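Just so it is clear, the structure is predicted and the values come from calculations on it, not from any experiment.
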Amino acid sequence: METVALIAIAVFLFTYALIIDERIHRAVAAMLGAAIVVFIGIVPWEALLQHVDFGTIFLLLGMMIIVNTARGSGLFEYIAIKTAKLANGSPIRVLILFALVTALVSAFLDNVTTVLLLTPMLLYVARVMKLNPIPFLVTEIFASNIGGAATLIGDPPNIMIASSAGLTFNEFLIHLGPIMVIDMAILLGMMYLIYGRSMKVSPDERKEMVRTLNGLDERAAIVDRALFKKSVAVIAFVVVLFFIHDRIGEILHIVLPFVDPTMGLEPAEVALIGAAILLFWSRQSPEEIFEKIEWPALFFFGGLFVIVGALVETGVIASIASVMVENVSSTGEAMFIVTWFAAIASAIVDNIPLTAAMIPLIHDLGATMDVYPLWWALALGACLGGNGTAIGASANVVVIGIAEREGIGITFIDFLKVGMLVLFVTVAVGFGMLWMMFVV
């Protein structure tokens, strides 16, 4: 292996060690690793922008602005109180309810957007009910990644795979939708076994919770009714745009003939448009809103993209992936290797460059076998693999970052203990179902 490839691997491992150690903030560790690979020329400046996924960065930024602006209205407290009352003071019901909502919304919105909207509500409920928020936050992360895997638009790897393989929205629903429903049921069972005992409350404590919740007036939580209405309107507008973002040109062309009917909007553009509209309409102080943005999370992603870009530039990811698949002799073997390689690798590196490296390899296998099942194997592994570590998926980093701002620490090792168990169980079940679809 070339010297530059070895250096890229060394920098990646060094950065990862700093992240695990946690004595240095992960954003600083990622920025340091990125600085090294740029300084020694592994990632040249002209290639830097190609490796940083600005779609993810600006999507996060836009949604953070919307959420932090809307928060001042009391919107999230209102929804949180309504949800907690529906759970009737049961911590387990709260966990299940939020997990199901997270998974469902993540299937039709980007899972990062989903956790940005739901995490403030979850933290508020935990505070009101005087519960440890960590089980709820961890479950939310897992549910967002599982729900996002169910549809074409739920997770970036699915969008990339669909574009390259020509797969439709309905095909994703048919092949991955049922798998994710089963995995969600298994996840809830696992979370009950892991956290259920610590979340049990005595009858007296539950009565006290119910009394506390009943004493809360969700309408009184709305401190700014004008901002509340504007926030709901803009969030609804953004959600609609997320659904039609790729067909916006067709729709506008009907009313405005000069608009190119092939025009589409990227999810990041939708988020930034929504952020601009809400800031303009609400007249909120931008300085106050920008101070609340999770800047460390954004810089962490930027640095991590550059470090992984060094592995792409030196061919490390492509080489590892090609070694994994070059000796397969059947579709079943290829499915097994692609699924588990993508799952384990996605827990370590970002699943977007990993998916980009795997797609041409699967196309190459088309000369010797039917690769249709391999697309689903790749989607399954790349999406669910993110549950393995605290940095395995964008949603993980965002939730943990929000928790840190509230003084709630979720360590890398603590997450790893539960995350890897969830990864192996859900991927194993999903692979078994794919095996029955295509091999048996």
- Item | Heavy-atom check, side chain of T15 versus side chain of L32, under 4.5 Å | no

- Determine, for R26 against E404, whether the closest basic-nitrogen to carboxylate-oxygen distance falls under 4.0 angstrom. yes

- Query: Side chains of V138 and Y195: does their closest heavy-atom pair fall under 4.5 Å?
  - Reply: yes

- Around M184, counting heavy atoms of other residues, nucleotides and ligands shown, do more than 12 lie under 6.0 Å from its CE? yes

- So which heavy atom on A268 is nearest to which on F58, and how close? CB-CB, 3.9 Å

Show which side-chain atoms of residues 416-432 pair as donor or acceptor with protein atoms under 3.5 Å away, not counting sequence neighbours.
unit_1: T426; atom_1: OG1; unit_2: V422; atom_2: O; d: 2.6
unit_1: T426; atom_1: OG1; unit_2: L423; atom_2: O; d: 3.3

- Distance-only donor-acceptor check, side chains T168 and N170, under 3.5 Å: no

- Query: When you check the side-chain N and O atoms of Q284 and S282, is any donor under 3.5 Å from an acceptor?
  - Reply: no

- How far apart are the closest heavy atoms of Y16 and A347, and which atoms are they? OH-O, 3.3 Å

- Message: Would you say that L49 contacts F54 through its side chain, given a criterion of any heavy-atom pair below 4.5 Å between the two side chains?
- Response: yes

- Item | F237, CZ atom: more than 12 neighbouring heavy atoms under 6.0 Å | no

- Task: Assess whether atom OH of Y192 is packed by more than 12 heavy atoms of other residues, nucleotides or ligands within 6.0 Å.
- Result: no

- Query: Are W295 and F290 near enough that their ring centres are under 6.0 Å apart?
  - Reply: no

- Heavy-atom distance under 4.5 Å between the side chains of M121 and F98, does that happen here? yes

- With side chains defined as the heavy atoms from C-beta onward, is the minimum distance between L75 and V232 less than 4.5 Å? yes

- Message: Quick check: closest heavy atoms across M64 and L116, and the distance to 0.1 Å?
- Response: CG-CD2, 3.8 Å

- Message: Could you check whether any side-chain heavy atom of I19 comes within less than 4.5 Å of a side-chain heavy atom of F300, counting everything from C-beta outward?
- Response: yes

- Item | Residue pair E406, R127: steps toward the salt bridge (charged side-chain N to carboxylate O under 4.0 Å, His left out) verdict | CA-CA 11 Å; E406 300 294 329; R127 281 196 299 269; 3.7 Å; yes

- Using the six-membered ring wherever Trp is involved, compare the ring planes of F438 and Y372 and label them parallel, tilted or perpendicular (cut-offs 30° and 60°). perpendicular

- Query: Quick one: do the E140 and T119 side chains pair a donor with an acceptor below 3.5 Å?
  - Reply: yes

- Message: Counting C-beta onward and ignoring hydrogens, is there a side-chain heavy-atom pair between V371 and H363 closer than 4.5 Å?
- Response: no

- Separation between CG (L118) and OG (S106), nearest 0.5 Å, reads 7.5 Å

- E266 CD: over 12 foreign heavy atoms closer than 6.0 Å: no

- Message: Taking side-chain hydrogen bond (donor to acceptor under 3.5 Å, both in side chains) as the definition, give me every residue that meets it alongside N396, ordered by chain and number, with sequence neighbours left out.
- Response: N145

- Message: Give me the atom names and distance for the closest heavy-atom approach of A5 to T314.
- Response: CA-CB, 3.8 Å

- Task: Considering non-hydrogen atoms only, spot the tightest contact between A149 and L176 and give its length.
- Result: O-CD1, 3.3 Å

- Message: For F412, I'd like to know if atom CZ has over 12 heavy atoms of other residues, nucleotides or ligands within 6.0 Å.
- Response: yes

- Message: Can you confirm whether D224 sits close enough to F228 that some side-chain heavy atom of one is under 4.5 Å from a side-chain heavy atom of the other?
- Response: no

- Message: Has D260 got a side-chain atom pairing as donor or acceptor with G249's backbone, closer than 3.5 angstrom?
- Response: no

